[in-house]
There are 2 protein chains.
Amino acid sequence: MDNLNTYVEDNKDRFLNELIELLKIPSISADSAYKNDILKTADAVKMRLEEAGCDKVEICETPGNPIVFGEKIIDKNLPTVLVYGHYDVQPPDPINLWDSPPFEPIIKETKIHPEGAIFARGACDDKGQMYMHVKALEYMTSSGTLPCNVKFMIEGEEEVGSESLGWFIERNKEKLSNDVILISDTGMIAKDVPSITTGLRGLSYVEVEVTGPNRDLHSGLYGGAVANPINVLTKMIASLHDENNHITVPGFYDKVEEASELERAKMAEAPFSLDKYKEALDIDDVYGEKGYSTNERNSIRPTLDVNGIWGGYIGEGAKTVIASKAFAKISMRLVPDQDWKEITQLFKKHFESIAPKGVRVEVKPHHGGQAYVTPIDTIEYQAANDAYVESFGKTPIPQRSGGSIPIVALFEKELKSKTILMGFGLDSDAIHSPNEHFGIWNYLKGIKTIPLFYKHFTKLSQE
Amino acid sequence: MDNLNTYVEDNKDRFLNELIELLKIPSISADSAYKNDILKTADAVKMRLEEAGCDKVEICETPGNPIVFGEKIIDKNLPTVLVYGHYDVQPPDPINLWDSPPFEPIIKETKIHPEGAIFARGACDDKGQMYMHVKALEYMTSSGTLPCNVKFMIEGEEEVGSESLGWFIERNKEKLSNDVILISDTGMIAKDVPSITTGLRGLSYVEVEVTGPNRDLHSGLYGGAVANPINVLTKMIASLHDENNHITVPGFYDKVEEASELERAKMAEAPFSLDKYKEALDIDDVYGEKGYSTNERNSIRPTLDVNGIWGGYIGEGAKTVIASKAFAKISMRLVPDQDWKEITQLFKKHFESIAPKGVRVEVKPHHGGQAYVTPIDTIEYQAANDAYVESFGKTPIPQRSGGSIPIVALFEKELKSKTILMGFGLDSDAIHSPNEHFGIWNYLKGIKTIPLFYKHFTKLSQE
């Protein structure tokens, strides 16, 4: 497909500008103040899908944010690819650490991206990667090379747990019927080391609240005599890991699938420099569960991290107060075969049970999802593999990611089809962080690789 | 002094309205945004002191907030009372817990204050108690009953450590020379149980910062593989107390003065109901250092409390992030003979030493002050005792407070005079908390009692 590369290069500037327009809309799903921007973004996605050649595009209402659905059916007898992506983004906090405003995209060169990268919230996660599929469709329809049917399902709640997606899938199984689900919401090892994500961690996200006295107290008059909710919260959270950084919630590890020695040996082969890793994060050492490597800790092992904590006086200067309440947001990354609902209950039961006298503790489950591992001996995986080989001239490395796309497990269950995770982002893209960006090379490479998956998948499914 | 009580009752409404005017100015010293209100409040205090009969009132510049100094010298051969107070207030946070705006004073009845109480930040601490002295002076000058000389020193940095006060005293020893220092910035046991504060705890206030990776990270891609600054901070803070709630900072207790059995027995005689205490705070149990009673824990024992903690995402909804930094404000209440500067260094050394690999820890000392205990066999104390007996018809109970007025120890050292702490507030006044208030009865009772101290002190000093 020489025309493919030529077409992408010829339309490069337009492809970039269209993405930049999309990135200007602050579609933050975690904050209801941005509801109108969510709707604006859904409209923009709908318009772009129509331009790209979809026959039918609709904005589907849900109990939460709308889902954009589009399709182009060329022959009922041909296989169907369902593309999933999300148009919502993470909050930009901490805003003061951005070098440029998160919703005013700019292109800058970096060491890893000499061709330039687009800096904006959502540049990689997931507007940029989602839009690669829209432009890949544009190429295939305009060049008459679309080999099969295609459907798009672009949601607006991925960053807050995709709550409405299950509701939507349940009610639209026929409409969503497909032979493979294609997602670009992960990364690859390096620009010259293509990889396919074969596993994702599950997630359980909770918020905890510790209440002590019924009002904030003077820390002189009451200090030392009543339980301080912040001190208590720190003791409770600290107790969730033992001296080997194992998680202490009873039953937490019961269903954890232990990786085989062979699997661990294969993982150890993936190119990885601990020094470069530490240097990139400016840390003097890594940290984690005893007995596992860094790559194991962030992929095949479950974790418990505090994502946010607050209580008492956090303004300028000093306030000698004992707060009435202290709070924390805590998330657990899960692995096969942990069940996120069961883990959430185990955590709630344990955390409430370790509350000392003098305080009341409440655990509010936020959201979650199951972990996922895909086999690599399928035609779905083979097709992706062949696409990378043709595009990169290299065989992609199968790797398990530490991230979570809670709905992937749901897809298998409800739609009975396998998911292929073709990610084109890099760890250094700073997704969920200030100065998130997406390399122009990666963006264009994705558009050049995706149509090859369609080609190989259609061929393989017809053999 | 029957005229005294009559005068106070006749002018009651004006006394209340003048205080309310003062309370409307948000003189928050912790937040530099309120600098203009600080200056406005100093001007208002100056005007009121002049109205009350001071011959000379000046606003004295300092490296920080100005100090209002006023005096009325009637006879160089008579003793001089130096009144100390502060016109700055605590921040009102958390603002949403106030039933009425903190700087729009209103009068409401409460169970303890059927005569009504003034609700506003600073109502009791310390504008209300400081203003009792201004009105007491007004009575004595207008009725020609001022028996001695009087000086006022009203500062604007008490809530942030009185840093400029030491600077000011050092440079104005002559101007501030006195025979006794009189302060109303503490409380009494109950409306029908007058008490005199004979001890104050010292203070060491620090801010700690834990830095991990050089940017916020995606908790899926990095979770479990790098030190999470919030998790680390909770472990470090939790380790500062052992299972008996003793503080684990090496050397922390070395200089703590152990109270004698006799002293502890006397303290145990003070009227106190643990059930009422728990009920008032809506807690199912008290909490604190093993081997000590509640009244001992909050007065004669040192403490370590987190006054504020923050890090990561604290907004609405969920953000799966590992924060680059986590922070806490920590204060230690100290007792004789702990030295606050030494304790601050011990804490800094210890806290930095327990930081695990993978993070950097910084401890920034904020401010502090020495603990203070006054003897009760002095004419200063006797004069206060006699004033209470005459005003309340009861002998006041000497009690040690858990609070800190860092400058009291400084006064003794620099001005060579004893301090008498005549507090008219109640524990239930919620100072430093939302809905701070000051009982109208307490306010007027203070004005009715203070002139009696002048009378008895002058008499006793001339015997």
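Below, chain A is the first sequence line, B the second, and so on; all start at residue 1. The figures that follow rest on heavy atoms only: side chains count, while hydrogens, waters and symmetry mates do not.
Contact annotation: the side chain of B:V306 never approaches that of A:I322 to less than 4.5 Å [non-hydrogen atoms, C-beta and beyond]. The shortest distance between side-chain heavy atoms of A:P213 and B:D282 does not fall below 4.5 Å. Here the side chains of A:N435 and B:R215 are not in contact, with every heavy-atom distance at 4.5 Å or above. Within the 4.5 Å cutoff, the side chain of B:I431 has heavy atoms near those of the A:L221 side chain. Side-chain contact between A:S433 and B:V321 is absent, with no heavy-atom pair separated by less than 4.5 Å. The shortest side-chain heavy-atom distance between A:T234 and B:L233 does not fall under the 4.5 Å cut-off. Counting only heavy atoms from C-beta outward, the side chains of B:D284 and A:V359 never approach each other to under 4.5 Å. Side-chain contact check for B:V226 versus A:R297: every heavy-atom pair is 4.5 Å or farther apart.
In this structure A:H366 satisfies the ring-ring contact (aromatic ring centres under 6.0 Å, His included) test together with A:Y205, sequence neighbours excluded. Take A:N65 and apply the side-chain hydrogen bond (donor to acceptor under 3.5 Å, both in side chains) test, not counting sequence neighbours, and it matches A:K35.
Taking both residues in full, the closest heavy atoms of B:K319 and A:H432 are given as NZ-O, 2.8 Å, listed atom of the first, atom of the second, then distance. Residue B:T303 comes nearest to A:G224 through the heavy atom pair CG2-CA, 3.4 Å, listed as atom of the first residue, atom of the second, then distance. The two residues A:Y277 and B:Y222 make their nearest non-hydrogen contact at OH-CD2, 3.2 Å. The shortest heavy-atom contact between B:D305 and A:G223 is OD2-CA, 3.3 Å. Shown here for B:S219 and A:N307, the closest heavy-atom pair between the two residues is CB-ND2, 3.6 Å. A:K329 and B:E316 make their closest contact through NZ-C, 4.2 Å (heavy atoms, listed as atom of the first residue, atom of the second, distance).
The line from NZ of A:K325 to CG of B:L97 is 9.0 Å long, rounded to the nearest 0.5 Å. Atoms CG and CG, on A:N228 and B:L304 in that order, are 9.5 Å from each other to the nearest 0.5 Å. With values rounded to the nearest 0.5 angstrom, A:L217 atom CG is found 5.5 Å from B:L281 atom CG.
By number of non-hydrogen pairs under 4.5 angstrom with chain A, the leading residue of B:N295, B:I230, B:V160 is B:I230. Between chain A and the residues B:P302, B:A328, B:A280, the most heavy-atom pairs under 4.5 angstrom are made by B:A280. Contact count versus chain B (heavy atoms, under 4.5 Å) is highest, among A:G402, A:A430, A:G312, for A:G402. Your options are A:D216, A:V286, A:I330, A:V232, and the one with the most heavy-atom pairs under 4.5 Å with chain B is A:D216. Comparing B:K357, B:E289, B:H218 by heavy-atom pairs within less than 4.5 Å of chain A, the highest count is held by B:H218. With chain B as partner, the option from A:E207, A:E159, A:H241, A:M236 having the largest number of non-hydrogen pairs under 4.5 angstrom is A:H241. Put simply, of B:G288, B:G403, B:S404, the one with the most heavy-atom pairs under 4.5 Å next to chain A is B:G403. Per-residue heavy-atom pair counts under 4.5 Å with chain A were compared for B:N231, B:D93, B:T211, and the maximum is reached by B:N231. Most heavy-atom pairs under 4.5 Å with chain A, from the set B:S401, B:G358, B:S29: that is B:G358.
No part of A:L200 comes within reach of chain B, as not one of its non-hydrogen atoms sits under 4.5 angstrom from that chain. For B:T294, the parts sitting under 4.5 Å from any heavy atom of chain A are the backbone and the side chain alike. With a 4.5 Å cut-off on non-hydrogen atoms, A:P434 touches chain B through its side chain but not through its backbone. Heavy atoms closer than 4.5 Å to chain A are found nowhere in B:R301, neither backbone nor side chain. Contacts of A:H367 with chain B are made by side-chain atoms alone, with heavy-atom separations under 4.5 Å and no backbone atom involved. Contact annotation for A:T320: both backbone and side-chain heavy atoms come within less than 4.5 Å of a heavy atom of chain B. Contacts between A:A323 and chain B at a heavy-atom distance below 4.5 Å are absent for every atom of the residue. Both the backbone and the side chain of A:S32 come within less than 4.5 Å of a heavy atom in chain B.
Here the side chain of A:K235 pairs a donor or acceptor atom with the backbone of B:A238 at under 3.5 angstrom.
Summarising the local packing, CZ of A:F252 is surrounded by more than 12 heavy atoms from other residues, nucleotides or ligands at distances under 6.0 Å.
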